[in-house]
Enquirer: 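Below is one structure. I have some questions about it.
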2 protein chains.
Amino acid sequence: MENKIVGHSTTRWDAMAKVTGKAKFTGDYFFKNLLHGKYLRSTIAHGYVKEYDLSEAEKVEGVIKILLPEDVPQNFYSTAGHPWSLNPDKRDIQDRSVLTRNVRQYGEEIGAVIATTELAAITALEKIKVIYDEYPVYLTPKESMADGARRIHAERENIIANTCVSNGDIEKGLKEADYVIEESFSTPVQQHAHMENQIAIAYLDEDQRWTCISSTQIPHICRRVIGQALGVRWSTIRVKKPFIGGGFGNKQDITIEPLAVAMSMACGGRPVQINITREESLAYTRTRHAIDYTFKVGVKKDGTITAIDCEAISNQGAYASHGHSVGGKGGGFINALYKTENIRYAAKTVYTNIGVAGAMRGYGIPQVMYALEAVMEDVARKIGMDSIEFRIKNKVPEGTYNELTRINIFHNKLDLCLKKGKEQFKWDQKLALSKQHKSGPKRRGVGVASFSYGSGTYPFGLEVAGARIILIQDGSFKLLVGATEIGQGSDTVFSQMVAETIGVPAKHIITEALTDTDIAPFDTGSYASRQSYITGFAVKEAAEEMRMKILTLASRVHDLEISTIDIVDSNIVFKHNQLLVTTLADLAMISFYDQSFGKALVAESAVNIHQNSYAYGATFAEVEVDIETGEIDVLSVLNVHDSGEIINPQTAEGQVHGGMVMGLALGLSEGLRYSKEGKPLNNNLLDYKMPTTMDMPDLEVAFVIDKDPIGPYGNKSLGENPLCSPAGAIRNAVLDATGVAINHIPLATQTVYEQMKQAKLRD
Amino acid sequence: MENKIVGHSTTRWDAMAKVTGKAKFTGDYFFKNLLHGKYLRSTIAHGYVKEYDLSEAEKVEGVIKILLPEDVPQNFYSTAGHPWSLNPDKRDIQDRSVLTRNVRQYGEEIGAVIATTELAAITALEKIKVIYDEYPVYLTPKESMADGARRIHAERENIIANTCVSNGDIEKGLKEADYVIEESFSTPVQQHAHMENQIAIAYLDEDQRWTCISSTQIPHICRRVIGQALGVRWSTIRVKKPFIGGGFGNKQDITIEPLAVAMSMACGGRPVQINITREESLAYTRTRHAIDYTFKVGVKKDGTITAIDCEAISNQGAYASHGHSVGGKGGGFINALYKTENIRYAAKTVYTNIGVAGAMRGYGIPQVMYALEAVMEDVARKIGMDSIEFRIKNKVPEGTYNELTRINIFHNKLDLCLKKGKEQFKWDQKLALSKQHKSGPKRRGVGVASFSYGSGTYPFGLEVAGARIILIQDGSFKLLVGATEIGQGSDTVFSQMVAETIGVPAKHIITEALTDTDIAPFDTGSYASRQSYITGFAVKEAAEEMRMKILTLASRVHDLEISTIDIVDSNIVFKHNQLLVTTLADLAMISFYDQSFGKALVAESAVNIHQNSYAYGATFAEVEVDIETGEIDVLSVLNVHDSGEIINPQTAEGQVHGGMVMGLALGLSEGLRYSKEGKPLNNNLLDYKMPTTMDMPDLEVAFVIDKDPIGPYGNKSLGENPLCSPAGAIRNAVLDATGVAINHIPLATQTVYEQMKQAKLRD
């Protein structure tokens with residue numbers, strides 16, 4: 001049957017709230033007697049705090065308390081936003097306490113000031129004197145893995161994980177190849193730079209429990225981590241997430257919340273706010289892992305890939321956070337993108353003294369896809385095969401069982417994406433045109449890169465979700481989910497799903513701005529592009545239950561067989577001729593007020609999903625490289641996605657736009673830089689080269705819409721996908737333009753300038 | 001099996017919130033740009049507003065808008081807090097609009113001012129000039145029922161209802177009697193005088209719907225009535241009830257909320273607060289109905305009652321509100337207290353131009369029980385029978401079908417209450433002692449009065465409720481109900497019920513301070529002593545469902561037959577030997593995080609209750625009457641209650657204390673007075689004679705604890721019951737002391753003084 005609502009663009013439910021300024025963010029919550037908390041941060045990157053001198057700071061008017069590590073609970077916990085694992089071996093590394101004397105990065109959280117004003121807190125911070133023992137600073141895995149390197153965490157080695165997954169026989173595969181291409185790549189420390197910095201307010205609530213209002217992607221996980229960090233029963237913690245100004249994975253880590261609650265605890269339950277600065281957020285929260293890759297790809301002359309061997313070394317920074325989950329994840333997705341009988345993926349994740357790497361949109365896949373698509377481009381060029389043709393030839397056939405991820409790939413429309421993109425991008429014309437610009441100071445080229453991406457974390461992670469739907473007297477419905485709207489538009493698509501399944505207009509579904517762990521169905525939150533897929537199953541199950549309850553009531557009230565009636569456009573109708581039985585609004589009134597039939601209708605689901613659908617797509621880019629200055633001008637760019645059914649084309653397009661910008665920025669300009677002492681050098685929005693609208697070309701988007709057989713509405717992931725392929729496409733386009741393969745992103749002006757020089761394209 | 005938690009006193013969950021001042025009431029919500037709304041009230045009691053002159057008022061700085069009746073929706077609605085009826089004939093009379101030019105009482109809501117400060121609003125109010133057409137003022141039903149009296153509501157007669165219910169043959173019964181006692185009684189206009197006045201804040205929320213934070217007993221009904229009053233879809237309204245400083249039935253009417261929302265609508269959605277004054281709350285919200293009764297009771301010499309005939313005329317005031325539901329209700333409860341084959345109860349409810357009578361704790365029963373117990377005392381005296389013996393003799397036997405209420409009386413321990421009270425009160429000693437004080441200026445006497453009361457409104461009203469229980473990771477539970485905690489302690493007893501049924505400590509049940517119509521299970525609210533009974537069924541059903549879900553999970557995880565295991569003290573144990581299978585906390589972790597079994601456990605119930613249990617009790621009072629001054633000193637007073645199982649003895653005792661004070665005040669001192677022009681004379685806490693602690697004797701309480709066979713935990717109503725019998729007991733004790741039967745309460749000093757004079761006990 002044709003969808004009426006799913007697959008069509010409806011206005012975001014929060015559009016008015018956002019354009020009118022009505023949307024209430026964490027910083028919009030006002031409290032009497034609000035206190036302000038600020039971190040005392042180390043000014044060295046590796047060492048130990050021997051002594052604090054607080055005497056001058058304590059004299060500052062307005063200072064309520066200065067907390068040292070010994071003043072807060074010292075439980076080790078992990079900040080990573082994953083479901084808790086019942087298996088101790090599978091838990092994220094618990095290497096963090098709320099405050100510490102062990103300095104492992106510049107800006108280490110070695111203390112905190114609570115004051116009546118932010119100014120008083122800052123003034124006091126400046127007056128605190130700290131004496132350190134200093135240790136050598138390791139900026140790269142190479143340094144911290146070196147013989148004799150000091151352990152950054154006394155309890156464990158600097159290499160926090162070292163894994164290898166494989167299928168087939170890699171040596172045999174390499175031997176069978178006509179050519180073996182071997183290349184190395186590196187990626188930068190990208191930062192999320194969400195609009196709203198981390199902010200949290202904690203207080204003792206009316207019922208003597210600790211409430212934390214926080215800008216988090218993972219309210220339920222936040223509750224758990226605060227409980228673990230502070231050593232209190234988890235039920236004594238309540239987390240509320242209001243509107244949120246972006247997260248992109250940075251708010252999939254629990255950063256400031258445990259300290260916020262600890263501060264309130266230290267002040268008898270008074271509300272305390274931590275509202276970190278942009279400079280703190282950029283340097284001292286989380287980043288995308290910088291990963292070094294070495295690829296060896298074996299290929300036959302006809303384009304058959306005989307082996308893919310990849311080694312990855314991931315720079316974790318000072319704390320484990322999401323740790324090896326990110327760097328260790330690449331293998332299965334290589335295997336999901338290119339068919340090969342022989343594959344090996346070896347990965348290390350290593351502590352260093354730079355900022356902590358965590359989850360960032362794409363979760364390691366933009367890095368590995370960039371490197372993979374670069375080496376594959378070089379492989380195609382080596383055998384003289386067209387870039388697009390090569391990728392189509394090596395597409396993983398539908399029905400393939402992925403040995404590394406243990407997932408059946410039932411649905412893969414990468415070939416259609418590449419074909420559609422080729423046509424829509426006018427690839428052939430642009431390729432031809434670029435050939436006319438292969439000399440002179442400005443040279444043109446085109447590049448393509450593809451990717452694969454999962455929908456949620458199964459089978460590696462637990463995937464549970466829930467939804468609750470309440471029928472209202474006028475035939476509207478309230479929808480509550482624990483999944484987290486963080487600006488991506490999830491609540492809008494959930495409301496479409498409910499409307500589609502029940503048979504009412506989308507505007508009759510009322511969603512909820514505030515996610516409250518005491519009330520929302522349990523859901524682990526917003527990450528891994530899981531929501532429309534995983535929570536979609538929960539929403540569908542609840543909506544189907546509600547639909548059945550409505551039809552059951554109608555059948556009883558009107559004495560009809562349930563199989564003969566249906567809900568269409570908010571009416572109960574006979575299935576065979578669509579004639580009206582009763583309106584949903586009238587039936588709803590009976591469910592509330594009839595002395596015999598009256599029982600409010602509610603449906604609630606909890607699902608545990610053991611499936612995953614892989615999504616695909618590709619980026620096509622056309623660049624002009626100024627070989628004199630190193631500047632790259634992206635003339636045009638197109639993302640084509642196979643994400644199954646597209647629930648809401650308009651919001652999906654917006655999602656892709658945002659991802660493309662992040663992906664282009666990863667390839668072209670972004671990267672946190674550190675001094676050799678480990679001090680962040682560009683943790684501000686002037687020096688951290690995040691592209692502005694003016695820096696971006698028009699962003700073209702296309703979808704290959706075809707229902708996935710597994711996804712609840714035929715949908716697959718889309719949230720992170722758009723940034724998996726732009727960097728590779730840019731690198732390949734620059735190669736096409738200049739003949740120079742630059743394997744270390746970002747392709748910042750200076751890098752390109754130097755590479756052009758090295759390639760003797762300029763003086 | 002012995003209860004572990006139900007039947008034992010646990011600390012109220014909100015005790016800390018209240019004693020520490022943390023409890024957040026409506027007035028504690030702060031908003032930027034909050035506007036203040038004030039009513040423009042008429043200065044006559046009956047008439048029509050011909051003209052408003054706003055010219056001076058509009059000049060007041062800070063005035064945003066002045067609303068006249070024509071500026072707000074003019075939909076007729078009822079303010080009564082009843083479930084909506086699908087049957088138009090059973091609906092409360094819809095005689096009210098948000099503002100009106102038709103003045104029907106002094107203080108009529110003829111307009112409103114919205115200003116940036118309260119002072120500006122008040123200043124503007126004083127500058128508005130109003131020109132009226134004036135009509136004759138009717139203070140009593142006699143006046144408004146008189147021939148030629150003007151209709152107070154053009155659409156209907158002043159007698160809004162005139163009903164008669166009966167069983168047997170009243171004339172035959174009166175003929176069979178040895179004596180027929182006929183007497184008339186009257187009761188005053190009592191006011192609730194809850195600590196927190198009516199207050200509401202309305203604003204356009206983030207999702208473009210109207211939120212109203214209100215101190216209401218009936219959030220879900222409030223949503224509906226606002227929707228009806230303003231003519232908008234009900235789903236566009238959201239009502240939130242925070243902590244509330246009492247209601248006693250006054251907040252079972254929707255008074256200020258529709259105007260609050262209309263004001264915000266008039267100001268583009270800005271938050272507007274209406275916070276009425278004590279003077280407004282006392283005079284212009286709702287009151288207890290003043291009811292006149294005429295009783296004819298036929299009795300045989302042996303004490304057999306052959307007939308009870310009662311006529312009641314109820315003064316409704318200016319609007320119908322709960323109307324005839326109150327005055328019309330008495331018959332069945334007379335019949336539930338005294339067995340008689342012949343009964344007739346005729347009742348009229350009549351509009352007048354005094355303040356609107358609505359629901360007040362007891363809902364008409366304190367009035368009828370006062371009159372009934374007065375006449376029955378006189379009947380007993382007439383035949384020379386002991387007051388207590390007479391009441392025991394005429395107790396309604398268990399198993400009686402009440403023809404008037406269509407309820408089976410399965411459980412009635414009135415006789416045990418009277419016996420227990422007689423002993424505990426030392427009735428015989430006090431009676432003997434009083435005989436020594438029957439002369440001189442101060443005379444002593446003892447009196448007893450009993451009552452019957454229902455549990456909820458069935459079969460007259462719809463009784464639906466719901467509850468939702470969520471298992472938390474540490475083995476605690478969140479309980480959400482739509483039933484309304486208004487200080488009576490309902491959330492505490494609900495948490496005990498959940499704990500008892502599941503098998504965990506009460507402190508592991510977390511309730512919710514805020515009742516939010518978008519989220520709370522549907523429940524019609526707090527009234528009719530329905531909550532622990534009606535919502536108790538819902539809570540029990542949800543708890544049993546949760547218990548079964550936990551046991552089912554345990555049986556699957558541990559591969560055991562579900563019938564062999566149990567939950568005891570937060571452990572899953574073998575039934576036969578209580579040995580540990582697993583802790584609930586460990587099992588809860590599996591329900592959240594196990595890859596196979598993980599599915600969050602939630603249970604939600606919706607019930608529609610078609611039963612009712614009658615509760616009983618009696619008051620014993622000892623008074624000293626100063627026949628010189630008319631002053632009554634209550635020397636001792638005891639309430640004994642048969643409310644079935646007492647869920648929480650300590651909070652139950654508190655509930656009884658409060659009710660006794662209200663009941664004594666009804667008998668002794670309270671009453672709103674009006675000038676002949678209809679102007680309230682004592683609508684302030686100085687002149688309205690509410691007793692203080694210093695005015696009250698020690699309040700003794702006893703319970704006859706015996707499980708009701710129907711109530712969810714063997715419990716019956718208790719909330720309103722305690723104030724049904726004190727007034728009668730006082731009247732009867734004064735009669736015993738002085739020989740003077742005073743049939744018009746309150747027995748205020750002046751009344752008693754005059755009656756003593758008339759009886760020639762003094763000059």
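A note on names: the letters A, B, ... follow the listed sequences, proteins ahead of strands, and every chain is numbered from 1. What's counted below: heavy atoms across the whole structure, side chains too, no hydrogens, waters or symmetry copies.
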Enquirer: Side chain from CB out, backbone as N, CA, C, O: work out which of these in B/N608 comes under 4.5 Å of a heavy atom of chain A, or both, or neither.
Expert: both
Enquirer: Is B/F477 in contact with chain A via its backbone, its side chain, both, or neither, using a 4.5 Å heavy-atom distance?
Expert: neither
Enquirer: With only heavy atoms counted, which part of B/K24 is less than 4.5 Å from chain A, the side chain, the backbone, both or neither?
Expert: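 Contact with chain A: backbone and side chain both.
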Enquirer: Using the rule given for side-chain contact (heavy atoms from CB on, under 4.5 Å), can you reason through B/K22 versus A/Y203, listing the C-alpha separation, both sets of side-chain angles and the distance that settles it, and then say yes or no?
Expert: CA-CA 11 Å; B/K22 274 204 169 293; A/Y203 55 94; 6.0 Å; no
Enquirer: Who passes salt bridge (charged side-chain N to carboxylate O under 4.0 Å, His left out) against B/D205, sequence neighbours left out?
Expert: none
Enquirer: For the atom pair CD (B/E206) and NZ (A/K18), what is the distance rounded to the nearest 0.5 Å?
Expert: 10.0 Å
Enquirer: Heavy-atom distance under 4.5 Å to chain A: side chain of B/P459, backbone, both or neither?
Expert: backbone
Enquirer: If I measure from the heavy atoms of chain A, does B/I510 come under 4.5 Å with its side chain, its backbone, both, or neither?
Expert: side chain
Enquirer: Nearest 0.5 Å please: distance from the CD atom of A/Q595 over to the OH atom of B/Y458.
Expert: 6.0 Å
Enquirer: Taking side chain to side chain contact (heavy atoms under 4.5 Å, CB included) as the test, write out the residues that go with B/T517, two or more places apart.
Expert: B/P219, B/H220, B/R223, B/R238, B/V239
Enquirer: Heavy atoms under 4.5 Å from chain B: which residues of residues 583-592 of chain A carry them?
Expert: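 At a heavy-atom separation under 4.5 Å, chain B is reached by A/M589, A/I590, A/F592.
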Enquirer: If you measure from CD1 on B/I237 to CG on A/D474, what distance do you get to the nearest 0.5 Å?
Expert: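 These two atoms lie 10.0 Å from each other.
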Enquirer: Please rank B/D518, B/V602, B/V607 by heavy-atom pairs under 4.5 Å with chain A and give me the top one.
Expert: B/D518
Enquirer: For the atom pair NE2 (B/H610) and OG (A/S596), what is the distance rounded to the nearest 0.5 Å?
Expert: 5.5 Å
Enquirer: If the contact rule is any heavy atom under 4.5 Å from chain B, which residues of residues 83-91 of chain A qualify, in numerical order?
Expert: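 Near chain B, by residue number: A/P83, A/W84, A/L86.
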Enquirer: Can you tell me which portion of B/F30 sits under 4.5 Å from chain A's heavy atoms? Options are side chain, backbone, both or neither.
Expert: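 Answer is side chain: those atoms of B/F30 sit under 4.5 Å from chain A.
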Enquirer: Working to the nearest 0.5 angstrom, can you tell me the gap between A/T20 OG1 and B/L204 CG?
Expert: 8.0 Å
Enquirer: Tell me, for B/I470 versus chain A, whether the close heavy atoms (under 4.5 Å) come from the side chain, the backbone, both or neither.
Expert: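 For B/I470, side-chain heavy atoms alone lie under 4.5 Å from chain A.
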